[in-house]
Amino acid sequence: MPSIYKITYPNGKIYIGQDSTDSVNYFGSASSDLIEKDLTHEQLVKLTITKEILWYVESVDSVALNAKETEWILKLESNNPSIGYNRWPKFKLADD
């Protein structure tokens, strides 16, 4: 069942992703380098993350799934480096 999910890390930052395989063990492709820089050694030694399904549907094509993922990224501002780890679409400040 295709879905859009939110991963929350110990520092409160989030990552929005999509899963078209319905895999319980899929946690996205956020940049490990970015996450490691933000977490303390203690947080890395015992890492607890939360995966929440935000939206799912029985069937959807890849174009619609990509659009839904982008919608959630923008809605939750997970592309804002102070909020999350999504780097696309590029975050723009209100004055930009």
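A quick note: this is a predicted structure, and the numbers were derived from the prediction, not measured.
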Hey, is the main chain of [Y] close enough, under 3.5 Å, to the side chain of [X] for a donor-acceptor pair?
| X | Y | answer |
| --- | --- | --- |
| Asn86 | Ile73 | no |
| Asp19 | Ser23 | yes |
| Tyr5 | Gly28 | yes |
| Lys6 | Gly17 | no |

Just how far is it from atom [atom1] of [X] to atom [atom2] of [Y], taken to the nearest 0.5 Å?
| X | Y | atom1 | atom2 | result |
| --- | --- | --- | --- | --- |
| Leu54 | Lys68 | CG | NZ | 10.5 Å |
| Tyr15 | Ser29 | OH | OG | 3.5 Å |
| Ser3 | Glu69 | OG | CD | 10.0 Å |
| Tyr9 | Thr50 | OH | OG1 | 10.5 Å |
| Lys75 | Thr70 | NZ | OG1 | 14.0 Å |

Which pair of heavy atoms, one from [X] and one from [Y], lies closest together, and at what distance?
| X | Y | value |
| --- | --- | --- |
| Pro10 | Gln43 | CB-NE2, 3.6 Å |
| Gln18 | Ile4 | CB-CD1, 3.7 Å |
| Val57 | Met1 | O-CG, 2.9 Å |

Q: Following the transitive rule for hydrophobic clusters with a side-chain heavy-atom cut-off under 4.5 Å over Ile, Leu, Val, Met, Phe, Trp and Tyr, establish whether Ile53 and Trp72 coincide in one cluster.
A: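 No, separate clusters.
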Q | Co-membership, hydrophobic cluster, residues Tyr26 and Ile16, 4.5 Å side-chain | A |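 Per the 4.5 Å side-chain linkage, Tyr26 and Ile16 are not co-clustered.
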Q) Would you say the side chains of Asp38 and Tyr85 form a donor-acceptor pair under 3.5 Å? A)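 Checked: Asp38/Tyr85 side chains pair up, N/O donor to acceptor below 3.5 Å.
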Q: Just jot down the side chain to side chain contact (heavy atoms under 4.5 Å, CB included) partners of Ile83, sequence neighbours excluded, or say none.
A: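 Checked Ile83 against side chain to side chain contact (heavy atoms under 4.5 Å, CB included); matches are Ile14, Glu77, Asn80.
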Q) Given Leu65 and Trp55, is the side chain to side chain contact (heavy atoms under 4.5 Å, CB included) satisfied, shown in steps? A) CA-CA 10 Å; Leu65 189 59; Trp55 177 87; 3.9 Å; yes
Q: Take Ile49 and Thr8 through the side chain to side chain contact (heavy atoms under 4.5 Å, CB included) test and state the conclusion after the steps.
A: CA-CA 6 Å; Ile49 64 172; Thr8 304; over 6 Å; no
Q. What do you reckon, is OH of Tyr56 surrounded by more than 12 foreign heavy atoms closer than 6.0 Å?
A.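 Counting other residues, nucleotides and ligands, OH of Tyr56 stays at 12 neighbours or fewer.
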Q: Please lay out, stage by stage, how Leu47 and Leu39 fare under the test side chain to side chain contact (heavy atoms under 4.5 Å, CB included).
A: CA-CA 9 Å; Leu47 182 64; Leu39 300 179; 3.8 Å; yes
Q) With a 4.5 Å limit on heavy-atom distance, are the side chains of Pro81 and Phe91 in contact? A)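 Contact flag for Pro81/Phe91 side chains = yes.
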